[in-house]
Amino acid sequence: MRLIEAKGMTVALAGQVVLRDVDFHVDPGEIVTIVGPNGSGKSTLLRTLIGALRPEAGEIRRKPDLRLGYVPQKLQIDATLPLTVGRFLSLPRRIAAAQAQAALDEAGAGTLTDRPMADLSGGQFQRVLLARALLGRPDLLLLDEPTQGLDQPGSAAFYRQIEQIRARLGCAVVMVSHELHVVMSASDRVVCLNGHVCCQGHPETVAQAAEYRALFGTGTHGALALYRHEHSHSHDHDHSHDHTDHVH
Amino acid sequence: MLDDFLVRAALAGLGLALAAAPLGCFVSWRRMAYFGDATAHAAILGVALALALSLPVFAGTLAVALLMALLVGTLSERGLALDTVLGVLAHGALAVGLVAITFVPGARLDLSAYLFGDILAVTPADLAVIWGGGLAVSALMVWRWQALLTTTVSPDLAWASGLDPRREQRILTVALALTVAVAIKVVGVLLIGAMLLIPAAAARPFSRTPERMALLAAAIGAVSALAGLQMALWFDTPAGPSMVCVAAAIFAVSAAASALRG
Ligand SMILES: Nc1ncnc2c1ncn2[C@@H]1O[C@H](COP(=O)(O)OP(=O)(O)O)[C@@H](O)[C@H]1O
Ligand SMILES: [Mg+2]
């Protein structure tokens with residue numbers, strides 16, 4: 001049974017349609033990477049999946065009692081709210097100190113328990129968010145640009161860690177990322193989003209494709225080039241979904 | 001013991017500190033200061049209505065404060081430019097209430113009691129209302145504490161944890177209206193916002209966790225109430241504003257101490 005499945009989902013924010021007619025699903029244990037340019041609706045898709053936004057049209061079906069772990073793209077904690085890392089992990093369910101420590105260790109943030117959240121660096125903050133998401137023993141882990149603020153080796157290490165977590169917990173992972181070339185080997189499926197699903201496919205197939213080699217052969221800029229390539233011809237007509245064909 | 005007006009005044013001040021501390025923390029963390037003011041100022045309209053209809057003042061203020069808080073809550077869910085709208089509502093409600101109350105025969109004489117409180121005139125019945133309301137607010141805060149905190153940190157994290165942030169917001173709304181209705185006799189509508197915010201702000205530099213901040217705010221609120229009352233007796237100053245003066249002084253000391261500590 002699918003963990004979550006959205007069909008014909010349309011989402012509007014402040015009267016603007018941000019996602020149009022999106023079909024999306026996650027099966028147990030798979031790692032799905034979502035790529036797309038800034039403002040393409042990646043965060044909106046994740047926020048709709050967790051229930052924070054209501055779709056205007058379409059439906060979302062969840063496995064009953066689905067446990068979600070969510071790492072938002074950004075999180076601003078008001079300066080007047082005193083919160084240590086340990087206290088943050090106990091929201092909303094209070095957890096034992098040993099359990100909190102184990103989750104921090106797993107997320108690579110084992111030494112931070114007593115630090116105020118306000119004092120953490122960007123990378124430390126992301127790890128603490130990950131630790132909190134893992135505490136609920138999620139069936140589905142949703143990560144919105146989890147490697148922002150990490151350098152390339154750091155990102156690569158992070159993705160290896162996500163694979164290990166998946167292997168250990170057996171959870172599925174949906175991850176938004178700009179670094180398609182780095183996440184490739186870790187992903188079972190890549191979904192390219194730009195207000196709608198432009199294309200999706202198995203990353204190995206994508207990696208073998210001549211188009212991919214031409215575009216992704218060289219570092220970070222290749223990933224951006226793919227977006228431009230995909231979107232420059234797929235946007236003015238409605239058959240953009242057919243565009244996946246050369247990927248599969 | 002309750003025969004002594006001073007004892008009743010002290011107990012009334014402590015009852016308010018109890019309710020205001022945890023709620024005031026959320027008002028600060030969620031940047032709801034104007035929300036508190038709008039709700040409190042609207043209560044003067046409730047006073048006018050209650051006097052005109054010969055209803056208990058507590059009922060009138062609670063009803064109008066609740067309506068105002070719900071209105072503000074709904075507007076904020078719609079994502080309107082809140083600062084401006086809340087400012088208009090807060091000041092508009094006060095002005096409308098002040099105009100309305102002049103139509104109620106005799107109420108004009110009591111006006112300053114509703115604006116600045118009249119803690120020395122607290123009756124045993126008032127005391128029952130204040131402590132009843134204060135305990136109800138505290139119970140609500142304790143019951144929803146974890147969910148309220150999660151929602152305050154991030155509504156999206158709350159959704160992902162299976163909570164409904166809108167429901168938690170409504171709980172805060174009800175707690176705020178109750179606190180306003182309770183506080184009106186103690187510090188009056190103009191200074192309720194101060195009793196919410198100042199103890200919480202003074203507690204912040206010495207708190208590492210939200211729980212400690214709420215407890216410390218309660219202690220600071222209680223000290224402010226008692227010391228303010230004492231000050232009112234010594235210098236024959238109005239009791240409500242004297243309490244706020246003490247709270248503000250504690251805040252100044254706290255801010256200076258935290259600045260020195262670095
Ligand atoms: N709260 C909001 N209100 C109105 N528009 C929004 C809001 N959040 C995002 N948007 C708009 O929705 C679009 C998609 O945003 P987002 O999902 O954050 O994109 P991405 O995560 O892919 O960068 C953007 O055009 C953005 O401006
Ligand atoms: Mg985003």
Side-chain angles (χ1 to χ4, degrees), chain A residues 4 13-15 43-44 46-54 62 64-95 113-119 125 128-129 132-133 135-136 138-144 174, chain B residues 22 24-33 77-81 142-168 196-217 251 254-255 258 262:
Chain A
I4 197 162
L13 286 171
S43 297
T44 303
L46 258 55
R47 294 183 63 221
T48 310
L49 294 177
I50 64 168
L53 299 172
R54 296 287 103 150
R62 287 183 181 190
D65 299 322
L66 179 71
R67 288 191 305 272
L68 294 175
Y70 173 59
V71 172
Q73 180 170 3
K74 54 179 185 292
L75 198 163
Q76 188 75 44
I77 297 178
D78 196 272
T80 62
L81 173 56
L83 207 58
T84 60
V85 168
R87 185 65 189 87
F88 174 71
L89 294 182
S90 266
L91 289 175
R93 273 164 286 279
R94 292 202 179 263
I95 49 154
T113 319
D114 292 323
R115 294 271 293 278
M117 292 293 285
D119 292 357
F125 201 96
V128 170
L129 286 176
R132 183 184 168 280
L135 272 170
D139 307 307
L140 175 57
L141 198 53
L142 299 148
L143 310 172
D144 198 345
V174 173
Chain B
C25 287
F26 280 110
V27 167
S28 155
W29 298 334
R30 296 168 73 96
R31 314 225 150 217
M32 286 167 58
E77 266 172 37
R78 300 258 165 92
L80 289 174
V142 169
W143 173 48
R144 300 308 301 167
W145 186 256
Q146 287 285 94
L148 282 168
L149 262 183
T150 308
T151 302
T152 299
V153 167
S154 159
D156 282 357
L157 286 186
W159 282 114
S161 300
L163 299 168
D164 185 343
R166 295 167 307 182
R167 176 188 138 134
E168 307 307 327
L196 286 171
L197 272 183
I198 300 178
R204 173 63 185 95
F206 301 97
S207 309
R208 279 176 66 79
T209 62
E211 292 74 23
R212 190 180 151 99
M213 182 161 154
L215 290 175
L216 209 50
F251 170 78
S254 155
S258 92

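Treat the numbers as computed from the prediction; the structure is a model and nothing was measured.
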Flag the one option from [options] with the top tally of heavy-atom pairs under 4.5 Å to chain B.
options                       : result
Leu75(A), Val71(A), Leu53(A)  : Leu75(A)
Arg47(A), Met117(A), Gln76(A) : Arg47(A)
Leu142(A), Leu68(A), Ile50(A) : Ile50(A)

Could you measure the distance from the [atom1] atom of [X] to the [atom2] atom of [Y]? Nearest 0.5 Å is fine.
X         : Y         : atom1 : atom2 : result
Gln146(B) : Arg94(A)  : CD    : CZ    : 4.0 Å
Leu91(A)  : Leu163(B) : CG    : CG    : 10.0 Å
Trp29(B)  : Leu83(A)  : CH2   : CG    : 9.0 Å

Original post:
Where the side chain of Arg208(B) meets the backbone of Asp114(A), is there a donor-acceptor pair that is under 3.5 Å apart?
Top reply: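 Such a contact is found between Arg208(B) side chain and Asp114(A) backbone.
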
Original post:
Looking at residues at least two apart in the chain, or sitting in another chain, which of them share a ring pair (Phe, Tyr, Trp, His ring centres under 6.0 Å) with Phe88(A)?
Top reply: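 By the ring pair (Phe, Tyr, Trp, His ring centres under 6.0 Å) rule, Phe88(A) matches no residue at all.
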
Original post:
Among Ser28(B), Ser154(B), Ala158(B), who wins on heavy-atom pairs under 4.5 Å with chain A?
Top reply: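 When all of Ser28(B), Ser154(B), Ala158(B) are compared, Ser28(B) has the most.
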
Subject >> Which of Leu148(B), Asp156(B), Leu149(B), Thr152(B) touches chain A most, by non-hydrogen pairs under 4.5 Å >> reply: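 Counting heavy-atom pairs under 4.5 Å, the top option is Asp156(B).
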
**OP:** Taking heavy atoms only and a threshold strictly under 4.5 Å, list by residue number the residues of residues 210-217 of chain B that touch chain A; give 'none' if the list is empty.
**Re:**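 Residues of residues 210-217 of chain B touching chain A at under 4.5 Å: Pro210(B), Glu211(B), Met213(B).
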
Subject >> Arg204(B) and Leu81(A): CA distance, side-chain angles, deciding distance, side chain to side chain contact (heavy atoms under 4.5 Å, CB included) verdict >> reply: CA-CA 8 Å; Arg204(B) 173 63 185 95; Leu81(A) 173 56; over 6 Å; no

Original post:
With a 4.5 angstrom heavy-atom cut-off, which part of Ala14(A) approaches chain B: side chain, backbone, both or neither?
Top reply: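 No part of it gets close to chain B.
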
Subject >> Atom group of Arg144(B) that falls short of 4.5 Å from chain A, counting heavy atoms >> reply: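 For Arg144(B), no heavy atom lies under 4.5 Å from chain A.
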
Original post:
Do Ser161(B) and Arg67(A) pass the side chain to side chain contact (heavy atoms under 4.5 Å, CB included) test, and can you show the C-alpha distance, the side-chain angles, and the key distance before you say yes or no?
Top reply: CA-CA 8 Å; Ser161(B) 300; Arg67(A) 288 191 305 272; over 6 Å; no

Original post:
Is it the case that Arg30(B) and Thr80(A) place a side-chain donor and acceptor less than 3.5 Å from each other?
Top reply: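 Absent: no donor and acceptor within the cut-off.
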
